[in-house]
Amino acid sequence: VYKRQPQKFQFWLNNNIFSICTHMTEEYKAVSIKIVLIGDSGVGKTTLVNRYVMDTFDPFEPPTLSGGFRTKEVVFEELKTKVSLQIWDTAGQERFKALVENYYKNAQFAIVWYDITQEESFDAARNWIEEVKEKAPEDVQFYICATKSDLNDQRSIQIVHGIKLAKEYNALFGETSAKKSAGVNEAFEEIARNYVENYDSHAPVADRNDTVHLEGKKTKKKGKGWKC
């Protein structure tokens, strides 16, 4: 239409140039969140992080020794905020426990993972939470996250039990599958959104043009607390 009617295009451009320039130059808040991943060895923490950060899946991922570190940036256009997720992957073996405790320092969020096919990993989740509450900052928040939801026919832990645990600790809740890439992005982005929407407004500002935008499914505001 505008090709055939250049005068109409010029009229539209003249009336919208200010909003276009404003959108191009507006600044975004920059927020950094330290997330520590905890849970028994073998529940799939590293596999899920690799799925989220690199979109890869290796069913033969070896156990994490001591710990690992990944980062990913998420941008919430409507909140004018870019979030740097600093993801600390911890070893679930008992012999690394003393080292893992150092990762709890300054953590804003802890994701507690359990395998829906392993009742022992769910029973251990409470112990992991209590350990983090003892070692991490008082205002640390929790996300209770079940793994391997694709193995529903082998399920030992029903969803209602995960929700009950999350409600007990005023935590967020979700189920994931690294194999099918189900619920993985939603889990991390829910954490980012939850933190931003409850974040102090005095966050440092960074220019939007310096940001790499990573598209993901947007989630509704949940606030602090469990969700289904």
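If you read the sequence from its start, that first residue is 1, and numbering goes on from there. Computation of the quantities below employed the complete heavy-atom set of this structure, encompassing side-chain atoms and omitting hydrogens, waters and symmetry-equivalent molecules.
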Inset, instruction - Answer yes or no: are there more than 12 heavy-atom neighbours, outside Glu119 itself, under 6.0 Å from its atom CD? - result: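 It does not: Glu119 CD has 12 such atoms or fewer within range.
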I need the [X] [atom1] to [Y] [atom2] distance, nearest 0.5 Å.
{"X": "Asp89", "Y": "Thr46", "atom1": "CG", "atom2": "OG1", "result": "3.5 Å"}
{"X": "Asp150", "Y": "Lys179", "atom1": "CG", "atom2": "NZ", "result": "5.5 Å"}
{"X": "Ile116", "Y": "Asn152", "atom1": "CD1", "atom2": "CG", "result": "5.5 Å"}
{"X": "Thr147", "Y": "Leu48", "atom1": "OG1", "atom2": "CG", "result": "6.5 Å"}
{"X": "Lys72", "Y": "Ile35", "atom1": "NZ", "atom2": "CD1", "result": "11.5 Å"}
{"X": "Asp139", "Y": "Asn198", "atom1": "CG", "atom2": "CG", "result": "11.5 Å"}

Legend entry - side-chain contact (heavy atoms from CB on, under 4.5 Å) between Val112 and Phe142, intermediate numbers included: CA-CA 7 Å; Val112 187; Phe142 291 94; 3.9 Å; yes
Inset, instruction - Is it possible for you to say whether Phe69 and Ile38 belong to one hydrophobic cluster, with membership spreading through side-chain heavy-atom contacts below 4.5 Å? - result: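 Phe69 clusters together with Ile38.
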Legend entry - ILVMFWY cluster, Val184 and Met54 together (side-chain gap under 4.5 Å):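 In one cluster with Val184: Met54, yes.
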Inset, instruction - Flag the pair Arg193 and Glu197 as a salt bridge only when some basic side-chain nitrogen lies within less than 4.0 angstrom of an acidic carboxylate oxygen. - result: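 A salt bridge links Arg193 with Glu197.
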Legend entry - Pairing of Glu27 and Lys82 as salt bridge, 4.0 angstrom limit: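 Salt bridge: no.
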Please check: side-chain N/O of [X] versus main-chain N/O of [Y], any donor-acceptor pairing under 3.5 Å?
{"X": "Ser121", "Y": "Gln118", "answer": "yes"}
{"X": "Lys34", "Y": "Lys105", "answer": "yes"}
{"X": "Arg51", "Y": "Ala178", "answer": "yes"}
{"X": "Glu73", "Y": "Val83", "answer": "no"}

Inset, instruction - Evaluate the criterion side-chain contact (heavy atoms from CB on, under 4.5 Å) for residue pair Tyr52 and Leu85; output intermediate values, then yes/no. - result: CA-CA 11 Å; Tyr52 178 59; Leu85 299 179; 3.5 Å; yes
Legend entry - Residues that Ser149 engages under side-chain contact (heavy atoms from CB on, under 4.5 Å), provided they are two or more places apart: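 Ser149 satisfies side-chain contact (heavy atoms from CB on, under 4.5 Å) with Glu175, Ser177 once adjacent residues are dropped.
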For a quick test of reading the model, state the closest non-hydrogen atom pair linking [X] to [Y] and the distance between them.
{"X": "Val132", "Y": "Ala110", "value": "CG1-CB, 4.1 Å"}
{"X": "Ala166", "Y": "Leu172", "value": "CB-O, 4.0 Å"}
{"X": "Thr176", "Y": "Gly183", "value": "CG2-O, 3.4 Å"}
{"X": "Asn50", "Y": "Arg70", "value": "OD1-NH2, 3.4 Å"}

Inset, instruction - Just do the side-chain contact (heavy atoms from CB on, under 4.5 Å) check on Asp40 and Trp128 with the steps written out, would you? - result: CA-CA 9 Å; Asp40 279 1; Trp128 285 106; 2.9 Å; yes
Is there side-chain contact between [X] and [Y], with at least one heavy-atom pair below 4.5 Å?
{"X": "Thr71", "Y": "Ile87", "answer": "no"}
{"X": "Tyr114", "Y": "Ile144", "answer": "yes"}
{"X": "Phe57", "Y": "Lys180", "answer": "no"}
{"X": "Tyr169", "Y": "Lys133", "answer": "yes"}
{"X": "Phe173", "Y": "Ile159", "answer": "yes"}
{"X": "Glu77", "Y": "Tyr28", "answer": "yes"}
{"X": "Arg155", "Y": "Lys148", "answer": "no"}

Inset, instruction - Scan side-chain atoms only and decide if Glu134 and Tyr104 contain a donor-acceptor pair under the 3.5 Å cut-off. - result: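 On atom types as modelled, these side chains do not qualify, holding no pair under 3.5 Å.
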Inset, instruction - Carefully, step by step, assess Gln141 and Asn194 under the rule side-chain contact (heavy atoms from CB on, under 4.5 Å). - result: CA-CA 10 Å; Gln141 300 177 57; Asn194 180 275; 3.0 Å; yes
Inset, instruction - Give me the ring orientation class for Trp113 and Phe188: parallel if the planes are under 30° apart, tilted from 30 to 60°, perpendicular past 60°. - result: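 Correct class here is tilted.
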